[in-house]
Amino acid sequence: MSAPTMPRVLSGIQPTADSFHIGNLLGALQQWVSLQHESDAFFCVVDLHAITVAHDPAVLHRRTLSSYAQLLAAGLDPDVATVFVQSHVPEHAQLQWVLGCLTGMGEASRMTQFKDKSQKAGAQSASVGLFTYPILQAADILLYSADEVPVGEDQRQHLELSRDLAERFNTRFGDTFTLPRTRVMKGAAKILDLQDPTAKMSKSQPAGCVFLLESPSAITKKIKSAVTDSEASVRYDPETKAGVSNLLTILSAFSGQAVTDLESEFSGRGYGDLKGAVADAVVAFAEPYAARTNELLAAPDHLATLMRDGAQRARDVAVELLQRVYERIGFVSAT
Ligand code: TYM
């Protein structure tokens, strides 16, 4: 009997902020770091996705390098996982075209992230790229035959589209794509905004968002001013105590302690104590994270070598899959 092969895992993150935030870390990156040892893992900085909204080239350039460095600082090991930049692998855009031709206009129009973002931009000024964003995401996933996609809750709908497109292609042209499963963290799949705990934490709302590369004092200040409630009892109840429950989720994810243990630990104590413990836990992670990120960014040649190796390993897989897709749909080979 042959040894069972490891599942293939793929996920991506946008280089659209100077720093990843604790939602990214707890919803996605923590899973990536642990999965790299038990899977054949591919992680990419999705710079093609980052240009679907207006951007500044110099800023995108800086953020792409920083994002790559932050993935390593968070614990991804480039000798274990394949860590790469999406635009270094042209097959992503090529497969996106094919999948776009299988996607219905209505289907793409139903994507809630497009609806939200295009509303913000004004419906007419949203780009076609923003509209086709989830199809590119499907290409990212299907190109690597990913079995599992570790993401936060907000990505579920896009992953359903990926599965639908994979199934549709397989039905029309023969079995080619693996149907990917969504993998979300229990508890931390949706970290909430500290100022508005009815919304997810997002870089677009910086007041309620803790960025990992912020200074320890800025991190502490944001956490200390988190919105709670007037009950003064540390209890996990997301329905009626969203702010406090969010703080417990964050502390639990950083400390590895169960939420119920934290409830006992903080029983009879005030929210100030809880916030202090959350701030200490986040800063204890963020300080070495920032130091590692800066160290990597200070050695650009080394970073470039890692990116090149990652891209090469990713391409080895992507080229082969795209070729199979081209054959299946009837394209004539140039060779
Ligand atoms: P992005 O860059 O917005 O976010 C990266 C990851 O962080 C997760 N996340 C959160 N998790 C919990 N709580 C939060 N408040 C929170 N905010 C963000 C996201 O769910 C995500 O897992 N479309 C993707 C990028 C992408 C991708 C892919 C993902 C492109 N291609 C292929 C998976 C597979 C995105 O915008 O993620």
Side-chain angles (χ1 to χ4, degrees), residues 8-33 35 41-53 63-64 66-68 70-71 74 84-87 89 92-93 95-96 99 111-114 116-117 129-130 132-163 165-166 178 180-206 208-212 242 246 249-250 253 314 318:
R8 176 70 62 76
V9 161
L10 175 128
S11 200
I13 189 160
Q14 294 198 71
T16 42
D18 285 329
S19 168
F20 295 152
H21 58 73
I22 60 176
N24 298 137
L25 177 74
L26 304 181
L29 303 183
Q30 269 196 348
Q31 302 195 71
W32 301 7
V33 170
L35 280 168
F42 289 73
F43 300 113
C44 57
V45 176
V46 293
D47 53 350
L48 297 178
H49 281 107
I51 64 165
T52 54
V53 290
R63 288 175 171 175
T64 302
S66 168
S67 297
Y68 193 91
Q70 287 179 72
L71 290 182
F84 66 102
V85 175
Q86 186 188 34
S87 67
V89 183
H92 289 242
L95 180 59
Q96 186 222 336
L99 296 176
M111 296 290 124
T112 52
Q113 281 206 346
F114 171 73
D116 292 350
K117 285 196 187 171
L130 189 63
T132 56
Y133 178 116
I135 306 171
L136 178 60
Q137 182 165 348
D140 299 341
I141 296 166
L142 302 183
L143 201 46
Y144 297 90
S145 307
D147 298 296
E148 288 195 349
V149 186
V151 285
E153 191 63 48
D154 60 349
Q155 298 300 311
R156 266 192 202 281
Q157 195 188 31
H158 288 172
L159 297 198
E160 275 160 28
L161 178 71
S162 303
R163 276 182 76 89
L165 291 176
T178 302
R181 286 186 301 274
T182 307
R183 186 177 171 126
V184 298
M185 281 294 259
K186 271 202 201 89
K190 188 175 176 186
I191 300 297
L192 304 174
D193 184 306
L194 296 183
Q195 288 302 315
D196 172 13
T198 60
K200 74 163 183 183
M201 183 176 285
S202 158
K203 59 202 156 210
S204 60
Q205 299 297 332
C209 178
V210 177
F211 295 98
L212 293 164
N246 191 39
T249 299
I250 294 170

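Whatever order the structure lists ligands and atoms in, that order sets their numbers, starting from 1.
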Where ligand 1 meets Val151 - atom numbers and elements under 4.0 angstrom, heavy-atom basis:
22 (O), 33 (C)
Looking only at distances, can you tell me whether any N or O atom of Met201, backbone or side chain, sits closer than 3.5 Å to an N or O atom of ligand 1?
yes
Just wondering, do Ile250 and Leu194 contact through their side chains at under 4.5 Å, heavy atoms?
yes
Compute the shortest N/O to N/O distance between Ser11 and ligand 1 and return yes if it is under 3.5 Å, no if not.
no
Gln205 side-chain N/O to Asp193 backbone N/O, donor-acceptor pair under 3.5 Å
no
Logged contact type for Ala188 with ligand 1, heavy-atom cut-off 4.0 Å, is backbone
I need the minimum non-hydrogen distance between Ala74 and Val33, along with the two atoms involved.
O-CG2, 3.4 Å
Which residue holds the protein heavy atom closest to atom 25 (C) of ligand 1, what is that atom called, and what is the gap in Å?
Gly12 O, 3.6 Å
Are the side chains of Val9 and Phe43 in touch, meaning some heavy atoms are under 4.5 Å apart?
yes
Nearest non-hydrogen protein atom to atom 19 (C) of ligand 1, with distance, is Asp154 OD1, 3.4 Å
Numbered atoms and elements of ligand 1 in range of Gly27, under 4.0 angstrom, heavy atoms
11 (N), 12 (C)
Side chain Ser19, main chain Leu212, donor-acceptor under 3.5 Å:
yes
Distance from atom 31 (N) of ligand 1 to nearest protein heavy atom, with residue and atom
Asp140 OD2, 2.6 Å
Cationic N near anionic O, under 4.0 Å, Arg63 to Asp18:
yes
For ligand 1, which part of Asn24 has a heavy atom less than 4.0 Å away: the side chain, the backbone, both, or neither?
both
Atom 24 (C) of ligand 1: nearest protein contact (heavy atom, Å):
Gln155 OE1, 3.3 Å
Under 4.0 Å between heavy atoms, the region of Leu159 that gets near ligand 1 turns out to be neither
Would you say Lys190 and Asp154 make side-chain contact, with heavy atoms under 4.5 Å?
no
If every non-hydrogen atom of Ser162 is compared with every non-hydrogen atom of Leu142, which pair is closest and at what distance?
O-CD1, 3.9 Å
Would you confirm whether Gln30, through its side chain, and Leu25, through its main-chain N or O, come within 3.5 Å as a donor-acceptor pair?
no
If you have a sec, work out which protein heavy atom is nearest atom 22 (O) of ligand 1 and how many Å separate them, to one decimal?
Gly152 N, 3.1 Å
Quick check: does any side chain N or O of His92 sit under 3.5 Å from a backbone N or O of Ala139, one acting as donor and the other as acceptor?
no
Side chain Arg8, main chain Tyr144, donor-acceptor under 3.5 Å
yes
Does only the side chain of Gln86 get under 4.0 Å from ligand 1, or the backbone, or both, or neither? Count heavy atoms.
neither
Which residue and heavy atom of the protein sit nearest atom 27 (C) of ligand 1, plus the separation
Gln137 NE2, 3.5 Å
Measure from the side-chain N and O atoms of Gln86 to the backbone N and O of Leu48, and report whether any donor-acceptor pair falls under 3.5 Å.
yes
Side chain, backbone, both or neither: the part of Leu29 lying under 4.0 Å from ligand 1 by heavy atom:
neither
Got His21 and Ile191 here, is their nearest side-chain heavy-atom distance under 4.5 Å?
no
Nearest heavy atom to atom 12 (C) of ligand 1: which of Ala28, Ser162, Ala189 does it belong to?
Ala189
What's the shortest distance from atom 23 (N) of ligand 1 to any protein heavy atom, and which residue and atom give it?
Tyr133 OH, 2.7 Å
Under 4.0 Å, heavy atoms only, figure out whether ligand 1 is touched by the backbone of Gln14, its side chain, both or neither.
both
I'd like the name of whichever of Pro15, Gly23, Pro180, Ser204 reaches closest to atom 16 (C) of ligand 1 through any heavy atom.
Gly23
Within a strict 4.5 Å, meaning less than it, do heavy atoms of the Gln137 and Gln155 side chains meet?
yes
For Val149, the atoms of ligand 1 under 4.0 Å from one of its heavy atoms are 33 (C), 34 (C)
How far is atom 13 (N) of ligand 1 from its nearest protein heavy atom, and which residue and atom is that?
Ile191 N, 2.8 Å
Please could you name the atoms of ligand 1 that Val46 approaches to less than 4.0 Å, counting only its heavy atoms?
30 (C), 31 (N)
May I ask you to check if ligand 1 and Gln113 share an N or O to N or O distance below 3.5 Å?
no
Please classify the Ile13 to ligand 1 contact at 4.0 Å (heavy-atom distances, strictly less than): side chain, backbone, both or neither.
both
